[in-house]
Colleague: 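There's a structure below that I have some questions on.
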Amino acid sequence: KNAQGKRLIVQGQWSRESGLVQPLPIFSDNEERYSPVVWKSDDLYHMVFTQKEDENIRLMHTTSVDLLSWETPQVRISEFTGVDIAASTYFEGELWLSIEQADGWRVFTEAADGTIVLSSFETGSLGSWDDNGVRDVQFLRKEDTLHVWYSGFDGVTWQIGHAKQENGV
């Protein structure tokens, strides 16, 4: 049940094989891991996720050929102390990240050389419903229009927003 006491129903049948209901077998300790993003490139599946140990937060990367057996994760983005980082999505060859800074959540992309770059997707203007933070971007391209859904924060409440870019503008 959710916070309002309503019963949540997931449609369809979900496999209950080991590693799908329980933590993946590559994780045998008690560190926190969350916000996975999985994509396929050529014949290899990639997963990035957040790993937290005490106040040290890292973005980790692992690969698989079958989506069930994963290689030992490696650090993809070095430690962040005192902030949070989460992969949001992988879209058209770019990894999009949500990073919490002292002034709120912001959206970043990972450059080809592995550096983190603040994206042009910024918070709303002062007094708007998303002026304190944006994160969790999800993209969909339909013809010449790029749609993005995201979480926006006004300092009190998180809400879902939509923006679009037509013909690259």
Colleague: Sequence neighbours left out, what passes ring pair (Phe, Tyr, Trp, His ring centres under 6.0 Å) with His61? Give chain and number order.
Modeller: His46

Colleague: Who are the side-chain contact (heavy atoms from CB on, under 4.5 Å) partners of Gln159, not counting sequence neighbours?
Modeller: Trp129, Thr157

Colleague: Taking only residues two or more places apart in sequence, or in another chain, which ones meet Glu92 in a salt bridge (charged side-chain N to carboxylate O under 4.0 Å, His left out)?
Modeller: Arg141

Colleague: Hydrophobic clusters join Ile, Leu, Val, Met, Phe, Trp and Tyr when side-chain heavy atoms are under 4.5 Å apart, directly or via other members; which others share one with Trp158?
Modeller: Trp105, Phe153

Colleague: Go through the structure and list residues passing side chain to side chain donor-acceptor pair (under 3.5 Å) with Tyr150, not counting sequence neighbours.
Modeller: Asp130

Colleague: Applying side-chain contact (heavy atoms from CB on, under 4.5 Å), name anything that partners Phe139, two or more places apart in sequence or on another chain.
Modeller: Thr89, Phe91, Trp96, Val137, Leu146, Val148

Colleague: Side chain to side chain donor-acceptor pair (under 3.5 Å) with Asp66: which residues, sequence neighbours excluded?
Modeller: Ser64

Colleague: Go through the structure and list residues passing side chain to side chain donor-acceptor pair (under 3.5 Å) with Asp136, not counting sequence neighbours.
Modeller: Ser151

Colleague: Report the hydrophobic cluster partners of Leu44, with the cluster defined as I, L, V, M, F, W, Y residues connected by side-chain heavy atoms closer than 4.5 angstrom, directly or transitively.
Modeller: Val65

Colleague: Asp43: what forms a side-chain contact (heavy atoms from CB on, under 4.5 Å) with it, not counting sequence neighbours?
Modeller: none

Colleague: Who pairs with Thr145 by side chain to side chain donor-acceptor pair (under 3.5 Å), at least two apart in sequence or on another chain?
Modeller: none

Colleague: Applying side-chain contact (heavy atoms from CB on, under 4.5 Å), name anything that partners Thr50, two or more places apart in sequence or on another chain.
Modeller: Tyr34, Ser35, Ile57, Leu59, Asp84, Ile85, Ala86

